[in-house]
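One structure is given below, represented as structure tokens, and several questions about it will come after.
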2 protein chains.
Amino acid sequence: MITQEQRVRIRRQLAEVGLRATPQRLLILAILEETDEHLDAEAIYERARQWDAQISLATVYRALAKLKEAGLVAQRYFARDHRREYYEAVSKGEHYHFTCLGCGKVIEVRTPRIAQARQELSEALGLEFTHACICFEGYCPECAAKRRRGTLESRAVPRFTVGNGVTIDD
Amino acid sequence: MITQEQRVRIRRQLAEVGLRATPQRLLILAILEETDEHLDAEAIYERARQWDAQISLATVYRALAKLKEAGLVAQRYFARDHRREYYEAVSKGEHYHFTCLGCGKVIEVRTPRIAQARQELSEALGLEFTHACICFEGYCPECAAKRRRGTLESRAVPRFTVGNGVTIDD
DNA sequence: CTGTAATTGCGAATCATTCGCATCTACGTG
DNA sequence: CACGTAGATGCGAATGATTCGCAATTACAG
Ligand SMILES: [Mn+2]
Ligand SMILES: [Mn+2]
Ligand SMILES: [Zn+2]
Ligand SMILES: [Zn+2]
């Protein structure tokens, strides 16, 4: 499932940021780079186990912390549950997330407004931004319609699959 | 400390949103409305105890959940620790937060760009926004300067006091 | 090939928040 | 202004994602 050239590329990425290329880290990074979903530690652990039956959940957590610190993966929070952390490869590019409270779908969105806000606030106040945690929530078009009609089952379990991205340009 | 007219006003606010006016809720709302800080459940509990020695931490949590649901208080997350929830009265108005990773100070900022992003994304995608969790982090001017000079003690404990707000207008 | 600091796996610990349950109470009704 | 009841409270125990301690292993610079 993990090609040789993928392995080589990831190995190089790790070297570039000064992280030891352990098989666990290679695996975790490969998992995150080949999916379009947003995974939490548990889900990554489940997938990793299929390749390395011995890997430990604590290792997954520690690897994610290192990869995040090194800028190779991004940690995200979705909707109301900020106790559970999700991860995705930063190679997917800068974007934000909208979570549907009806069906749990996560829609990736792109807009220059956030960067613009950072820029303006930075100039006005001398602040030095390093990070912004942005998460939107509400209802996707389908669930919004159902809700207006009163056909939305009140507490759909958030499944956090990923929807189509859209770009607002400047 | 809680004036008679304050009590009456809060009682009316609760009635308007259909919540029973229990003394615990009155107290918690009064505490949140008279401070400029952002308090977590524990901090609210400590302050509330000075007026009602019997109040329970669980009640503080349940009251905050109701008050939030009713739109009287807002829940916030700051910087990296999204496991701890902070609260403030919504009567303070719409604004966002920047947390300094050096000194822990929270600076309130106002910018129309977020609402603009919501508006544009809403039109482009048919999304119905109900909420946005926005938190910025980085370094305040003082800590940024220290950091460039290498004089910033690496791990200042976040204290989450509040700094001056600033408005970027449209 | 070697030495060493970094990493791993395992299980136990954390700790903010939520729950269960028996007891109260706010408040609409007659 | 009692009454009845849905809704609140206080207490302590449970939850559950994440973190830690420690002994054994391993990546990799020299
Ligand atoms: Mn994403
Ligand atoms: Mn604030
Ligand atoms: Zn939906
Ligand atoms: Zn600072």
Side-chain angles (χ1 to χ4, degrees), chain A residues 7-8 10-29 38-46 48-49 51-70 73 75-87 155 158 160, chain B residues 7-8 10-29 38-46 48-49 51-70 73 75-87 155 158 160:
Chain A
R7 195 183 305 278
V8 172
I10 292 178
R11 208 175 260 285
R12 185 166 42 241
Q13 289 181 52
L14 289 171
E16 276 168 13
V17 298
L19 288 185
R20 285 193 184 184
T22 68
Q24 294 87 344
R25 288 174 183 170
L26 286 229
L27 182 51
I28 290 168
L29 205 39
H38 302 90
L39 306 176
D40 62 13
E42 192 74 35
I44 293 168
Y45 174 58
E46 292 306 337
R49 263 211 296 191
W51 302 99
D52 173 357
Q54 309 310 320
I55 196 171
S56 131
L57 182 55
T59 296
V60 173
Y61 275 105
R62 284 184 290 224
L64 288 170
K66 285 290 191 186
L67 294 170
K68 171 182 156 193
E69 186 185 332
V73 309
Q75 182 201 107
R76 311 288 188 195
Y77 294 104
F78 294 129
R80 294 247 136 79
D81 186 7
H82 283 225
R83 292 230 213 104
R84 182 179 239 101
E85 305 175 344
Y86 291 84
Y87 294 86
R155 205 162 276 270
F160 298 120
Chain B
R7 196 183 304 280
V8 172
I10 293 179
R11 209 174 260 284
R12 183 165 44 239
Q13 288 182 53
L14 290 171
E16 275 169 13
V17 298
L19 288 185
R20 285 194 184 183
T22 68
Q24 294 86 345
R25 288 175 183 170
L26 286 231
L27 182 51
I28 290 168
L29 206 39
H38 301 90
L39 306 176
D40 62 11
E42 192 74 35
I44 293 168
Y45 174 57
E46 291 307 338
R49 262 215 293 195
W51 302 100
D52 173 358
Q54 308 311 319
I55 195 171
S56 133
L57 182 55
T59 295
V60 172
Y61 274 106
R62 285 183 290 225
L64 288 170
K66 285 291 190 187
L67 293 171
K68 171 182 156 191
E69 186 186 333
V73 309
Q75 181 202 107
R76 313 286 187 196
Y77 294 104
F78 294 129
R80 293 249 137 77
D81 186 8
H82 282 226
R83 294 231 213 102
R84 182 178 240 101
E85 305 175 345
Y86 291 83
Y87 295 85
R155 203 162 277 269
F160 298 120

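Keep in mind the model is a prediction, meaning the values are calculated, not measured. Chain letters run A, B, ... following the sequence lines, proteins first and then strands; every chain starts at 1.
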Reading DNA chain D 5' to 3', which nucleotide is the first, and which the last, to come under 4.0 Å of any heavy atom in chain A?
dA17(D) to dC28(D)
Check the distance between dT18(C)'s P and D81(A)'s CG and give it to me in whole angstrom.
10 Å
Once you round to the nearest 0.5 Å, how far does CD1 of I44(A) lie from OH of Y61(A)?
9.5 Å
Over all atoms of both residues, closest heavy-atom pair of I28(A) and A63(A):
CD1-CB, 3.6 Å
Between A41(B) and L19(B), name the one whose nearest nucleotide on DNA chain C is closer to the 5' end.
A41(B)
Closest non-hydrogen atoms of R25(B) and L14(B), given as atom of the first, atom of the second and distance, are CB-CD1, 4.3 Å
Quickly work out the L26(B) CG to dT25(C) C1' distance and round it to whole Å.
14 Å
Using a cut-off of strictly less than 4.0 Å, decide whether S56(A) has a side-chain nitrogen or oxygen near OP1 or OP2 of dT8(C).
no
Which value, rounded to the nearest 0.5 Å, describes the distance between R84(B) atom CZ and E42(B) atom CD?
7.5 Å
End-to-end bend of the helix from dC1(C)-dG30(D) to dG30(C)-dC1(D) (five-pair axes, 10° rounding)?
50°
Taking the side chain as everything from C-beta on, heavy atoms only, tell me whether R11(A) gets closer than 4.5 Å to V8(A).
no
Assign R20(A) to base, sugar-phosphate, or nothing according to its heavy-atom contacts below 4.0 angstrom with the strands shown.
base
Expressed in angstrom and rounded to an integer, what is the separation of H82(B) atom NE2 from dT17(C) atom P?
13 Å
Rounded interatomic separation in angstrom, taking CZ from R80(A) and C1' from dA16(C)
18 Å
Whole Å only: how far is the CG atom of L14(B) from the P atom of dA26(C)?
13 Å
Close side-chain approach of T22(A) and L27(A), heavy atoms under 4.5 Å
no
Atom CD of Q13(B) and atom CG of L67(B): how far apart are they, to the nearest 0.5 Å?
9.5 Å
Touch check for A21(A), heavy atoms < 4.0 angstrom, all strands: base, sugar-phosphate only, or nothing?
sugar-phosphate
Hey, are the side chains of Y87(A) and R76(A) touching, using non-hydrogen atoms and a 4.5 Å cut-off?
no
Check whether R7(B) reaches the backbone of L26(B) with its side chain - one donor and one acceptor, N or O, closer than 3.5 Å.
no
Could you state the atom-to-atom distance from CD1 of I44(B) to P of dA16(C) in whole Å?
14 Å
Students often get this wrong, so: under 4.0 angstrom with heavy atoms, is Q54(A) touching a base, only sugar-phosphate, or nothing?
sugar-phosphate
Separation of Y61(B) atom OH from dT17(C) atom C1', in whole Å?
5 Å
In terms of side-chain heavy atoms of R62(B), which of dA26(C), dG20(C), dT8(C) is nearest?
dG20(C)
Map Q24(B) and A58(A) onto DNA chain C by nearest heavy atom, then report which one ends up closer to the 5' terminus.
A58(A)
Please report the interatomic distance CG(D40(B)) to CD(E46(B)), rounded to the nearest 0.5 Å.
9.5 Å
Within the 4.0 Å heavy-atom criterion, would you say E42(A) contacts the bases, only the backbone, or no part of the nucleic acid?
nothing
Rounded interatomic separation in angstrom, taking CG from L67(A) and C1' from dA6(C)
15 Å
